[in-house]
Amino acid sequence: MKVKIKKLDANAVIPVKAKANDAGLDLTSISVEKGLSYIEYGTGLAFEIPEGHVGYLFPRSSISKTSLSLANSVGVIDSGYRGEVKLRFKRPRQLGPIYEVGDRIGQLIIMPIPTIELEEVKQLSKSHRGDEGFGSSGR
């Protein structure tokens, strides 16, 4: 699948997979904005996600070496969005290690999305789990 990408800044880094079979494309920070409750990293990149697909933004495993957590857990890039891809992290009360400009800050995974047609019903089919919710499958 071809995905169009535009550099919005000359310093932007075209994302690549670290290894051929990796799921995500590594995104590199070219800017950082520190707010009171967040730290936002810009990539200087815009994508044209094909119709019928979505771009998901996930933190990299290296996030465990920082004091950050992705503010919305998983970012969503809809196929109609053409602006800069940014990753916003919660700013912890006590700031420890964070990403710097030039660091790989997240990963982009592009996946197809199904067409959904909802059907309202009076009753759902029975399942093994039923309506057992949070923590019902054990510790």
Side-chain angles (χ1 to χ4, degrees):
M1 167 189 349
K2 284 192 177 182
V3 175
K4 293 179 181 177
I5 184 171
K6 180 180 178 182
K7 280 188 171 186
L8 303 173
D9 186 289
N11 295 318
V13 177
I14 300 294
V16 295
K17 292 182 178 188
K19 296 183 177 74
N21 291 324
D22 285 355
L25 297 161
D26 288 337
L27 298 169
T28 301
S29 169
I30 65 159
S31 66
V32 60
E33 177 187 330
K34 296 176 182 174
L36 291 175
S37 62
Y38 66 88
I39 299 176
E40 184 176 278
Y41 296 92
T43 65
L45 299 170
F47 294 84
E48 189 172 319
I49 306 292
E51 281 191 34
H53 291 75
V54 62
Y56 292 117
L57 296 170
F58 291 95
R60 296 179 69 247
S61 60
S62 64
I63 197 167
S64 64
K65 298 176 185 176
T66 74
S67 60
L68 302 173
S69 63
L70 199 54
N72 56 346
S73 299
V74 176
V76 173
I77 304 172
D78 293 312
S79 63
Y81 179 67
R82 298 292 185 271
E84 181 181 8
V85 170
K86 299 179 180 184
L87 287 90
R88 184 175 279 194
F89 296 84
K90 290 180 185 175
R91 185 177 186 139
R93 287 192 182 120
Q94 290 199 303
L95 193 59
I98 62 170
Y99 292 122
E100 302 295 334
V101 170
D103 288 347
R104 292 176 293 156
I105 53 167
Q107 53 186 324
L108 170 65
I109 297 175
I110 298 174
M111 298 193 59
I113 51 173
T115 301
I116 304 294
E117 183 181 331
L118 297 177
E119 177 186 359
E120 185 177 7
V121 296
K122 298 271 186 218
Q123 192 167 355
L124 300 174
S125 64
K126 296 198 183 295
S127 72
H128 176 70
R129 184 172 178 174
D131 61 1
E132 294 178 12
F134 297 107
S136 65
S137 62
R139 294 181 176 217

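If you read the sequence from its start, that first residue is 1, and numbering goes on from there.
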Do [X] and [Y] come within less than 4.5 Å of each other through their side chains, counting heavy atoms only?
X	Y	result
Lys7	Ile14	yes
Val74	Leu57	no
Val54	Val76	yes
Lys34	Glu40	no
Ile98	Ile39	yes

- Task: Report yes or no: do Leu108 and Tyr56 belong to one cluster of Ile/Leu/Val/Met/Phe/Trp/Tyr joined by side chain heavy-atom distances under 4.5 Å?
- Result: no
- Task: Say whether Leu8 and Ile5 are linked into one hydrophobic cluster, either directly or through other cluster members, by side-chain heavy-atom distances under 4.5 angstrom.
- Result: no
- Query: Side-chain donor-acceptor pair under 3.5 Å between Ser62 and Arg60, yes or no?
  - Reply: yes
Examine distances only and state if a side-chain atom of [X] and a backbone atom of [Y] form a donor-acceptor pair shorter than 3.5 Å.
X	Y	value
Tyr41	Glu100	no
Ser67	Pro97	yes
Asp103	Ile105	no

- Message: Counting neighbours of NZ on Lys6 that are heavy atoms of other residues, nucleotides or ligands and sit closer than 6.0 Å, is the number greater than 12?
- Response: no
- Give a yes or no on this: more than 12 heavy atoms of other residues, nucleotides or ligands lie within 6.0 Å of atom CG of Leu124. no
- Evaluation steps, side chain to side chain contact (heavy atoms under 4.5 Å, CB included), between Val32 and Tyr99: CA-CA 9 Å; Val32 60; Tyr99 292 122; over 6 Å; no
For residues [X] and [Y], report the shortest heavy-atom separation together with the two atoms involved.
X	Y	value
Thr28	Arg104	OG1-CG, 3.8 Å
Ala18	Asp26	CB-OD2, 3.8 Å
Ala23	Ile109	O-CG1, 3.8 Å
Pro59	Leu70	CD-CD2, 3.6 Å
Val85	Thr43	O-OG1, 2.7 Å
Gly35	Arg91	O-NH1, 3.1 Å

- Task: Take Met1 and Val3 through the test side chain to side chain contact (heavy atoms under 4.5 Å, CB included) and record every step on the way to the result.
- Result: CA-CA 6 Å; Met1 167 189 349; Val3 175; 4.0 Å; yes
- Determine, stepwise, if the pair Leu25 / Val16 fulfils side chain to side chain contact (heavy atoms under 4.5 Å, CB included). CA-CA 5 Å; Leu25 297 161; Val16 295; 5.5 Å; no
- Message: Does Arg88 qualify as a cation-pi partner of Tyr38, given the criterion of NZ or CZ under 6.0 Å from the six-membered ring centre and within 45 degrees of its axis?
- Response: yes
- Quick one: CD1 on Ile77 to CD on Glu48, what's the gap to the nearest 0.5 Å? 13.0 Å
- Could you tell me the separation between the CG atom of Asp9 and the CD1 atom of Ile30, rounded to the nearest 0.5 Å? 3.5 Å
- Query: Given Glu84 and Leu45, is the side chain to side chain contact (heavy atoms under 4.5 Å, CB included) satisfied, shown in steps?
  - Reply: CA-CA 5 Å; Glu84 181 181 8; Leu45 299 170; over 6 Å; no
- Are Lys17 and Asp22 ion-paired here, with the side-chain N under 4.0 Å from a carboxylate O? no
- Item | Among Leu87, Val13, Val101, the one residue meeting side-chain contact (heavy atoms from CB on, under 4.5 Å) with Ser29 | Val101
